[in-house]
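Accompanying notes for the structure given below.
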Amino acid sequence: MPEPQDVISREIAELAAKSDGADHPSRDYPPYRSSGLRHPHRPLVAPPEAYAELRGPVFGASDVTPLDGDLTRQHLGEPLGERITVTGRVLDRDGRPVRNQLVEVWQANASGRYPHLRDQHPAPLDPNFTGTGRCLTDAYGGYTFTTIKPGAYPWKNHVNAWRPAHIHFSVFGTAFAQRLVTQMYFPGDPLFAYDPILQSVTDEKARERLVAAYDHDLSQPEWSLGYRWDIVLDGPSATWMEEGR
Amino acid sequence: MRPTPSQTVGPFYGYALPFRDGGDLVPSGHPGAISVHGYVYDGAGAPVPDALLEFWQADAAGNLDGRPGSMRRDEVDGSFAGRDGVTFTGFGRVATDLDGHWAIRTVPPGEVPYIAVCVFARGLLHHLYTRVYLEDSGEALLASLPGDRRATLIAEPERDGVYRFDIRIQGDAETVFLDLG
Ligand SMILES: [Fe+2]
């Protein structure tokens with residue numbers, strides 16, 4: 001029997017009060033119900049060496065076309081919704097740009113619907129929007145996507161559960177150990193407090209790093225609104241990189 | 001700088017991340033090719049139909065430089081072109097099917113004797129790393145683990161060139177997952 005929002009919100013508040021300031025969510029985060037059977041019980045094991053994981057897959061110009069970064073031009077017509085550009089840099093923990101690496105995005109359409117058979121939300125599909133894109137970072141670690149602002153959508157975690165509008169991001173670093181899949185949110189969304197996925201990041205400062213900034217200088221007159229969001233890839237720690245252990 | 005937090009891959013990555021032949025690191029008929037396959041299970045022992053697995057490994061000679069071309073595009077019309085059939089990129093990506101099953105075709109890695117695996121799934125807020133070893137080679141990580149834990153990292157030969165490797169996210173025979181931080 002799905003629980004009401006106030007049960008979930010109480011659990012969120014209890015876990016927020018106990019936050020240890022971690023950068024990442026605990027894999028065991030009960031308010032996100034489907035995490036229950038999908039997190040390990042045993043502690044992670046630090047391997048004596050990580051020769052493979054300190055290196056990583058590489059991608060190149062042949063893996064991406066210049067159009068792949070524009071989600072509004074993948075069909076004959078234009079998608080419905082508020083046209084936006086999202087731009088930022090991919091950096092490592094030391095602030096160094098991650099160059100020539102793959103960034104992939106996916107998102108719901110303006111009505112909050114994914115073109116996926118398992119998405120049962122009775123909101124319209126948009127024949128002119130698939131909602132996937134990719135690009136390679138440039139020499140400064142920069143990436144840019146042109147898209148439309150995704151809609152919020154309901155899900156079945158609890159009664160009246162709604163995801164705040166978000167864009168899913170998949171990012172590669174120079175090491176496989178830097179891999180990141182995450183979600184970018186839009187500033188000021190009233191759904192933040194109710195969402196156990198965003199709130200699984202219990203530290204407020206860390207959570208803020210998932211929210212893009214509206215940047216008026218990035219907005220283009222008569223065309224689109226601009227958002228800026230930088231991504232900092234975690235690990236492996238400097239000692240690992242230096243010792244190459 | 002503080003890192004960007006992880007968030008779950010969610011259920012709807014299907015249009016974006018898996019790609020055709022994503023699990024075929026080498027083409028069919030490649031000399032020395034092996035298949036590695038298995039299931040992903042949750043803590044109740046149920047198969048996980050919405051997990052995404054990524055694989056990264058050295059080539060047969062032990063080279064870890066990697067090569068572009070895992071997901072090549074046709075430069076004329078932008079459609080998916082796929083691997084060129086010659087270049088070993090070292091990277092693979094497959095989603096589990098509705099039975100929780102996955103399979104890749106590759107060659108045994110040289111020098112660094114394991115296939116690195118990254119596990120994503122709906123319900124998993126932060127990906128997990130593990131490794132596929134094709135034999136109990138006495139390599140450092142394997143040697144550091146007690147027998148029952150070690151066994152979770154060693155693929156089982158099923159028949160010539162086919163190995164079975166199940167991933168148990170939680171429970172009694174839970175797979176060893178790695179802290180690479
Ligand atoms: Fe989503």
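Protein chains get the first letters and strands the later ones, always in sequence-line order, with residue 1 at the start of each.
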In terms of heavy-atom pairs under 4.5 Å with chain B, which of [options] leads?
options                       : value
A:L198, A:L233, A:L91         : A:L198
A:W155, A:F169, A:F59, A:F176 : A:F176
A:S62, A:S35, A:G95           : A:S62

I'd like to know if [X] pairs up with [Y] as an ion pair, taking the criterion as any Lys NZ or Arg NE/NH1/NH2 lying under 4.0 Å from an Asp or Glu carboxylate oxygen.
X     : Y      : answer
B:R2  : A:D23  : yes
A:D63 : B:R73  : no
A:R38 : B:E174 : no

Side chain / backbone / both / neither for [X] at chain A, heavy atoms under 4.5 Å:
X      : answer
B:E54  : both
B:D84  : neither
B:V117 : backbone
B:L145 : side chain
B:A58  : neither
B:P113 : neither
B:V112 : side chain
B:D77  : neither
B:R83  : neither
B:V119 : neither
B:Y41  : neither

Residue part contacting chain B, namely of [X], when any heavy atom lies under 4.5 Å:
X      : result
A:R134 : side chain
A:H168 : side chain
A:V171 : neither
A:L102 : side chain
A:W229 : side chain
A:D203 : neither
A:Y32  : side chain
A:P115 : both
A:D68  : side chain
A:I197 : both

Take A:L44 and B:L128 through the test side chain to side chain contact (heavy atoms under 4.5 Å, CB included) and record every step on the way to the result. CA-CA 9 Å; A:L44 305 185; B:L128 289 164; 4.0 Å; yes
Gap separating the [atom1] atom of [X] from the [atom2] atom of [Y], nearest 0.5 angstrom:
X      : Y     : atom1 : atom2 : value
A:E104 : B:M71 : CD    : CE    : 5.0 Å
B:M1   : A:D92 : CE    : CG    : 9.0 Å
A:L210 : B:Q7  : CG    : CD    : 5.0 Å

Side chains of [X] and [Y]: closer than 4.5 Å at any heavy-atom pair?
X      : Y      : value
A:R93  : B:P3   : yes
B:Y129 : A:V45  : no
A:R118 : B:D50  : yes
A:R42  : B:R149 : yes
A:H39  : B:H126 : no
B:R131 : A:P47  : yes
B:Y114 : A:E53  : yes

I'd like to know if the side chain of [X] reaches the main chain of [Y], judged simply by a donor and an acceptor atom lying under 3.5 Å from each other, with no hydrogens or angles considered.
X      : Y      : result
B:T4   : A:V232 : yes
A:Y29  : B:L125 : no
B:Q170 : A:G36  : yes
A:Q183 : B:T8   : yes
A:R27  : B:H127 : yes
B:R122 : A:S34  : no
B:W56  : A:A52  : yes

Heavy-atom pair count under 4.5 Å with chain A, highest-scoring of B:G123, B:G66, B:G43: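 Looking at each option in turn, the highest pair count goes to B:G123.
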With a 4.5 Å cut-off on heavy-atom pairs, point out which of B:D42, B:V40, B:L64 contacts chain A the most.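 Of the candidates given, the most pairs with chain A belong to B:L64.
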Kindly determine whether A:R55 and B:E111 satisfy salt bridge (Lys or Arg N to Asp or Glu O under 4.0 Å), including the steps that lead there. CA-CA 14 Å; A:R55 310 293 295 278; B:E111 306 291 333; over 6 Å; no
Non-hydrogen atoms of B:P68 and A:G60 that approach each other most closely: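 Shortest heavy-atom contact: CB-N, 3.4 Å.
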Residue pair A:V181, B:S6: steps toward the side chain to side chain contact (heavy atoms under 4.5 Å, CB included) verdict: CA-CA 6 Å; A:V181 165; B:S6 170; 5.8 Å; no
Could you go step by step and tell me if A:Y114 and B:Y13 meet the ring pair (Phe, Tyr, Trp, His ring centres under 6.0 Å) rule? CA-CA 9 Å; A:Y114 289 89; B:Y13 55 79; over 10 Å; no
